Amino acid sequence: MKRRTSGRRGHLHQRLQTIFAVLAIGTAVALPVILLSVGGGVSQHELNSLENAGYEIAVSGSGIHGVSSAHSLSDRIANLTEVKAASPILSQPIVAFLSGSGPIPVLAEGVVPLAFEASEGPTERSLFPSPLPLGDPTDSIRFANGAYDGPSASKVLISSPLAGALGVTTGTVVLLSGSDNRSAGASFTVTGTFGVPPSALGPTAAFAVLLPLSDLQILTGTAKLPGVNGATIDRADTIQVALVGSAATNPGTVLAVSSEIQNLVPYYGVTNLADQATQLGRLANVLTGFYLALSSVSLTIGITFLALVQLRRVEADRRTIGVRRAIGLPNRMIASGIVLDGLRLAGIGAAIGVATGIVLIGVLAAFGSGSVQEAAQLAIFNPVTLALVVLGVLGFSLLSSGLASRAAFRISIPETLR
Amino acid sequence: MGVEKRYAIGRPEEVRALNGVSLVLEPTEFVSVEGPSGCGKTTLLNLLGLLDTPSSGRIEWDGRPLAARIERERSRLRLTEVGFIFQRFYLLPTLTARENIELPLRAMRTPAESRRARSSALLEQVDLTPRADAFPHQLSGGEEQRVAIARAMANAPKLILADEPTGELDSVSARGVLKLIAEAHNRSRATVLLVTHNPEAARIADRHLTMRDGRVVADTAEHR
């Protein structure tokens with residue numbers, strides 16, 4: 001009876017060892033599945049954003065709002081051959097006031113409506129109304145050749161999430177100010193809303209308010225230097241340049257136009273999206289390498305656990321291994337059993353790990369919050385990547401099986417037969 | 001010749017399991033070995049079966065020196081030339097009776113059909129055809145030992161080494177097992193070395209060795 005009980009206990013121990021080895025491998029595999037799928041998805045999303053952007057070249061100055069004389073510079077760039085539109089963009093935090101409400105900080109983007117529309121990519125085109133209902137399409141009336149004397153159209157677009165949160169609809173009048181000082185503000189009429197694309201690399205609803213560039217510059221003091229006769233500075237963050245038709249996809253033409261623009265503004269940075277995409281691609285590769293390095297820690301732990309379990313099994317099976325060797329079975333037959341056992345455990349663990357990773361990402365995408373949820377929703381499950389992870393685990397399991405096989409070959413036959 | 005086997009060499013607890021044993025086994029001989037516990041019977045068996053290597057001395061088969069060979073060669077010789085019958089049977093618990101018998105044939109890469117035919121013949125010889133698909137835990141002690149005998153005969157060995165094959169059996173089963181070993185010897189004409197405490201086993205052998213303290217102290221062959 002005692003022998004049977006200890007045999008049962010031994011069998012239970014072996015089962016527990018198997019379960020723990022499989023769980024260790026599964027956990028080790030789930031981590032790279034999550035990192036590579038989510039990380040890869042986010043990188044690919046940003047790459048797609050670049051590739052789907054409506055512009056090919058970006059001009060920027062050093063420091064905050066580094067581009068000056070934005071209106072005239074945009075016009076000069078727009079006159080170049082192959083250029084469809086040059087759209088200056090200014091992003092500034094401002095404060096909104098609704099009737100009876102306190103200050104509501106929002107991020108605003110100032111644009112030249114017509115140029116902005118011409119440089120929209122396919123995604124943006126689906127999010128913004130067309131034409132942009134912001135009044136003066138070229139923003140030249142308010143700008144008045146740098147005097148900023150012209151009348152404001154006083155129109156603004158608000159993002160759908162913000163409109164929903166504040167209960168704002170088309171026709172609502174909002175007060176916009178460059179500071180908490182309500183009296184320094186100006187009234188604008190909401191003429192529509194725009195959608196917000198998902199982006200895991202930026203804040204949700206990156207900007208909440210869209211208005212003409214001149215209006216934003218005046219609100220935030222980036223139109224003229226302080227003082228009654230202050231010089232026009234006409235600040236912007238960047239000028240996005242869209243090229244015509246086939247020029248947009250011709251790397252040679254993009255490069256040539258970039259050089260022309262650089263000659264116009266030698267003191268500004270001129271980058272084309274192809275370069276940015278290449279840099280992003282390189283960054284994505286670095287991140288992938290980092291994810292793999294991080295995952296290798298968990299995989300090492302998993303494989304080490306597997307090796308321990310296999311060594312433990314060899315120890316538990318000393319007698320049968322000794323008998324097999326005693327009757328002359330070649331080492332390959334003994335090793336093949338150990339290797340197959342290792343592959344089986346690693347294979348089951350890897351499959352569980354892949355499934356767990358996919359399920360976890362699904363749960364995060366459905367029930368996560370903030371940037372975690374956004375990132376999870378961008379996850380891409382690349383079957384080749386997943387297969388490589390599984391093959392890597394199976395390959396490493398051969399190492400642990402090799403260790404266990406060596407231990408089996410070193411068992412003293414006479415001792416096991418006593 | 002002059003074989004010694006020492007354990008814990010150079011240490012205070014050094015043990016001489018075999019102390020200068022010189023022995024010649026002729027082909028087809030059936031030799032029994034008896035002696036008290038710890039006299040070196042099993043050690044002698046292990047050395048003859050290439051399960052262990054001597055501390056000094058020579059072991060030769062058909063004039064070929066064996067002790068210095070690498071484990072892979074010794075393993076090959078065990079598979080092709082030696083059949084082992086252990087006191088505790090040592091069948092592999094996850095294999096059926098037939099699969100246990102076929103194990104050495106698998107190692108020789110014998111085709112499946114030939115394996116099956118050979119295992120069927122051996123099962124018939126040991127009178128276990130109806131139990132071919134039973135697992136060891138489903139067999140009695142006597143049945144397990146008969147499967148072990150069949151396994152030992154699978155590759156038609158030239159040397160059969162039996163280490164107290166009836167030690168764990170009742171008298172009826174023991175008699176049946178000894179009869180099978182004798183029949184196997186007659187059929188195959190292999191050399192048999194039988195370590196035993198059983199006087200009936202001693203009777204079926206042609207030659208008897210007595211061991212004490214790691215030496216052969218009596219050998220009926222010397223009196224012929």
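Chain naming here is simple, since letters A, B, ... match the order of the sequence lines and numbering starts at 1 in each. Small disclaimer: the values here were computed from a predicted structure and weren't measured.
- With sequence neighbours left out, B/Glu34 forms a salt bridge (charged side-chain N to carboxylate O under 4.0 Å, His left out) with no residue at all.
- Of the atoms belonging to B/Leu103, heavy atoms from both backbone and side chain fall under 4.5 Å from chain A.
- Side-chain atoms of B/Asn46 and B/Thr43 form no donor-acceptor pair, as typed in the model, at a separation below 3.5 Å.
- B/Gln125 pairs by the side-chain hydrogen bond (donor to acceptor under 3.5 Å, both in side chains) definition with B/Arg187, not counting sequence neighbours.
- Proximity to chain A involves both the backbone and the side chain of B/Tyr90, based on heavy atoms less than 4.5 angstrom apart.
- Between A/Gln310 and A/Ser400, the side chains place a donor N or O and an acceptor N or O closer than 3.5 Å (distance only, hydrogens not considered).
- Inspection of non-hydrogen atoms places A/Ile413, A/Pro414, A/Thr416 of residues 407-416 of chain A under 4.5 Å from chain B.
- Contact tally against chain A (heavy-atom pairs below 4.5 Å) for B/Gly49, B/Gly83, B/Ser75, B/Ala154: the top residue is B/Ser75.
- Under a 3.5 Å cut-off, the side chain of B/Arg78 and the backbone N or O of B/Leu50 do form a donor-acceptor pair.
- A donor-acceptor pair is defined here as one N or O able to donate and one able to accept, closer than 3.5 Å; no such pair exists between the side chain of B/Glu143 and the backbone of B/Leu128.
- Applying the salt bridge (Lys or Arg N to Asp or Glu O under 4.0 Å) rule to pairs touching residues 83-107 of chain B yields B/Arg88-B/Glu168, B/Glu102-B/Arg115, sequence neighbours excluded.
- Interface remark: B/Pro157 contributes no atoms to any contact with chain A (heavy atom separation under 4.5 Å).
- Counted by atom type alone, B/Asp163 and B/Thr42 present one or more donor-acceptor pairs between their side chains at under 3.5 Å.
- Under the 4.5 Å side-chain criterion, counting only non-hydrogen atoms from C-beta, B/Thr166 is not in contact with B/Gln145.
- When B/Met108, B/Arg109, B/Arg72 are compared by the number of non-hydrogen pairs under 4.5 Å with chain A, B/Arg109 comes out ahead.
- If you measure heavy-atom distances from B/Glu71 to chain A, the contacts under 4.5 Å come from the side chain alone.
- For chain A, the option among B/Asn155, B/Asp52, B/Leu92 with the highest count of heavy-atom pairs below 4.5 Å is B/Leu92.
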